[in-house]
S.K.: 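Can you keep this structure in mind? I'll have questions shortly.
Below, chain A is the first sequence line, B the second, and so on; all start at residue 1.
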Amino acid sequence: MSKKLLEIQNLKSSIEHTEILKGINLSINQGEIHVIMGPNGAGKSTLANVLMSHPKHEITEGNILFEGESINGFSADEKAKIGVFLSFQYPEEVAGITVENFLRAAKSAVTGEPVKFLPFKKALREQMKLLKIDETYGSRYLNVGFSGGEKKKNEILQMAVLEPKLAVLDETDSGLDVDAIKVVAEGVNTLANENNAILIITHHKKLLDYIKPNYVHVLLDGKIVKTSDGSLADEIESKGYEWLSNQGGV
Amino acid sequence: MKDILAEINEAPTIQTNRLPVITWRWLKVNEFQLDDFTMEKVLPYNKGCFTAVPSGNIDVKAMAENIHYLEAENYFKNKGNIGVSDTFVKMVDTFYNTGAFIHVKDKIQDPVIISYKPDESNPMIMDKNFIVAEENSEVTVIIDYTSIDNTSALHNGLTKIYAKDGATINLIKLQDLNDTSINLDSNIAYIGENAKANYVSIEVGSDKSVVSYISNLEEEASESNLDSIYLVNGSRTLDMNYIMSHIGKKTLSRINAYGALMGKAKKTFKGTLDFKKGSTLSKASEEEYTILLDKTVKSQAIPLLLCQEDDVEGLHAASAGKIDEDQLFYIMSRGFSEKEAKKLIVESYFTPIIDKIPLSSMREEIQNIMNQRLMDV
Ligand SMILES: Nc1ncnc2c1ncn2[C@@H]1O[C@H](COP(=O)(O)OP(=O)(O)OP(=O)(O)O)[C@@H](O)[C@H]1O
Ligand SMILES: [Mg+2]
């Protein structure tokens, strides 16, 4: 029996007094890969942001347990330090710090230990090679002037460097060309092991050609309305979401 | 000298940094009032100022009475108001205690580096600097005003730059005097035909800092660029008065000012784009953006557009805002504390300008200073 990593219990959240998450229940064990699908505006990014403690989102009810302990009150950096990672749907640009310096500082921040310059540089180069990111991007300012796809790849690079216990990927495959999707999938598969877990938010079945999820969930209007195996993604591809809206919770 | 001192000591308050056109009376920004300012005499500054002097066809000397360049002197003499206030400008122009004369005749690669570092035995800097660039020559001058102890220093400076046709003068100034010092800095430029003045100003120090830059785009296609970054923390005050005066045809100017305010800092930015008669087909733009790190800061921006000519283009924008929440969240999600993340964001605003400094040691120095001043973010 693998250990429970994340448990979300009846989670409700609101932003500027509008309720978005309306009672999410989700349980993720170590070693598992979960996929969340759902129409635009269903609350997928909201769930990801709440998990990472975006200050605009407020938890109004429910609990988020990580390795058995409530992390409701944690700030984003505290979440990062216990091993939660979010690959952003829209990564931010930060001029003034290079990808390499940012990641070295981030690695040191999440591990609480100093990171040696040269070994880090070498390890980063390896990771960049795997993700087919040109070396020169290491000395460019974080995401500044990166194309949409380059930003997404850079998110996966950050994930690979920070080695989280739980990685949440919010539409990391959107805006990627076919080759890049494959590269990202390989990055995810390289990270995945029996001690961590991955939660993938996506609109496209393509990614699932390379990544085999244990569960696929459908999020509709702030609730998970159906959970099944990988075949659910095929069903959604052919039938859309309409048919699920009258099913209620599962 | 007595007259000047009397003028200063008898006035209960001294008006500095006047707007070229008096408006906005209700905002009290037409000038900066220097209250309770007195001084007995000009104390000597007994230190050298040249940190690096490049080789080549360039003449670099300490300012002295026998140094003349009449063409430029006559030009500036006839220019009227050329700095923070007539009195202060007259004071340094006549009774300077240090300064540099730089006369460049060719394209010079390496920068001239000048450092004014006040200390207990040299608490006053009255620097008169004069940079003359002959036709088609080019030079970069870096001037660093930094306190090295906690002496309350007075800086009253005057820098004149004279770029003849086709010349380029790059002037970079760093002001990091300590929090009990007063900084009064007047800068004025003449820009000839197809000549260029690029001024980068980094303002991070002094209890009260009053800076002025008047750039005269005198001939056809003269160009003037000003990049200004500032960080005001504690209970310090910064007043900036920048004027781009378009006189020649097809002249081009740009002001970009970015800053951050924290604690009880006060800042006024005055940026005037002045299209004089005859400056047809000229273009000017200015942009100012201030990050307000605390609710207790006071920030004012007065972008002013004066037009005596129709066929010109002037754009101005000034805004102020808090740190972008999404950007903060993004950085924090990678393990950085809120404080570290805010620092990173503020630094990121300054980086494009700091990157224009051709000296890595100075870029690092600025980064360190910023880091320290951002300590209580
Ligand atoms: N600041 C806000 N104020 C009010 N409503 C908001 C705010 N931010 C987001 N919402 C709403 O929350 C809902 C969920 O948005 P969310 O971004 O989580 O959707 P999503 O499932 O990720 O959609 P997509 O597939 O388009 O990325 C949307 O209806 C959105 O309009
Ligand atoms: Mg989304």
S.K.: Do the ring planes of B/Y330 and A/F88 sit parallel (below 30°), tilted (30 to 60°) or perpendicular (above 60°)?
M.R.: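 B/Y330 vs A/F88 ring planes: perpendicular.
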
S.K.: Of all of A/A106, A/S75, A/P164, A/P91, which one pairs up most often with chain B through heavy atoms under 4.5 Å apart?
M.R.: A/A106

S.K.: Looking at every heavy atom in both B/T351 and A/G96, which two are closest together, and how far apart are they?
M.R.: OG1-CA, 3.0 Å

S.K.: Would the number of heavy atoms belonging to other residues, nucleotides or ligands and lying under 6.0 Å from CD of B/E325 be above 12?
M.R.: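 Yes, CD of B/E325 has more than 12 neighbouring heavy atoms, counting only those of other groups under 6.0 Å.
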
S.K.: Count the heavy atoms belonging to other residues, nucleotides or ligands that lie under 6.0 Å from NZ of A/K4, then report whether that count exceeds 12.
M.R.: no

S.K.: For A/E92, which of B/I331, B/L328, B/D324 qualifies under side-chain contact (heavy atoms from CB on, under 4.5 Å)?
M.R.: B/D324

S.K.: Would a 4.5 Å heavy-atom cut-off, applied to side chains only, mark A/N49 and B/F329 as touching?
M.R.: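 Sidechains of B/F329 and A/N49: in contact.
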
S.K.: Atom CD of B/Q327 and atom CG of A/N143: how far apart are they, to the nearest 0.5 Å?
M.R.: 10.0 Å

S.K.: Just how far is it from atom OG of B/S333 to atom CG of A/L51, taken to the nearest 0.5 Å?
M.R.: 12.5 Å

S.K.: Testing the basics here: between B/F336 and A/D77, what is the closest heavy-atom pair and its distance to 0.1 Å?
M.R.: O-CB, 3.1 Å

S.K.: Please identify, among A/V144, A/V110, A/V84, A/L86, the residue contributing the most non-hydrogen atom pairs under 4.5 Å to chain B.
M.R.: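 Looking at each of A/V144, A/V110, A/V84, A/L86 in turn, A/L86 comes out on top.
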
S.K.: Check A/Q158 against B/R334 and note the closest heavy-atom contact, atom names and distance.
M.R.: OE1-NE, 2.6 Å

S.K.: Taking atom NZ of B/K266 as the centre, does the number of heavy atoms from other residues, nucleotides or ligands within less than 6.0 Å exceed 12?
M.R.: no

S.K.: With a 4.5 Å heavy-atom cut-off (strictly below), which parts of residues 286-297 of chain B touch chain A? List them by number.
M.R.: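 No residue falls under the 4.5 Å cut-off.
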
S.K.: So which atom in A/A80 and which in B/M332 form the shortest heavy-atom distance, rounded to 0.1 Å?
M.R.: CB-O, 4.3 Å

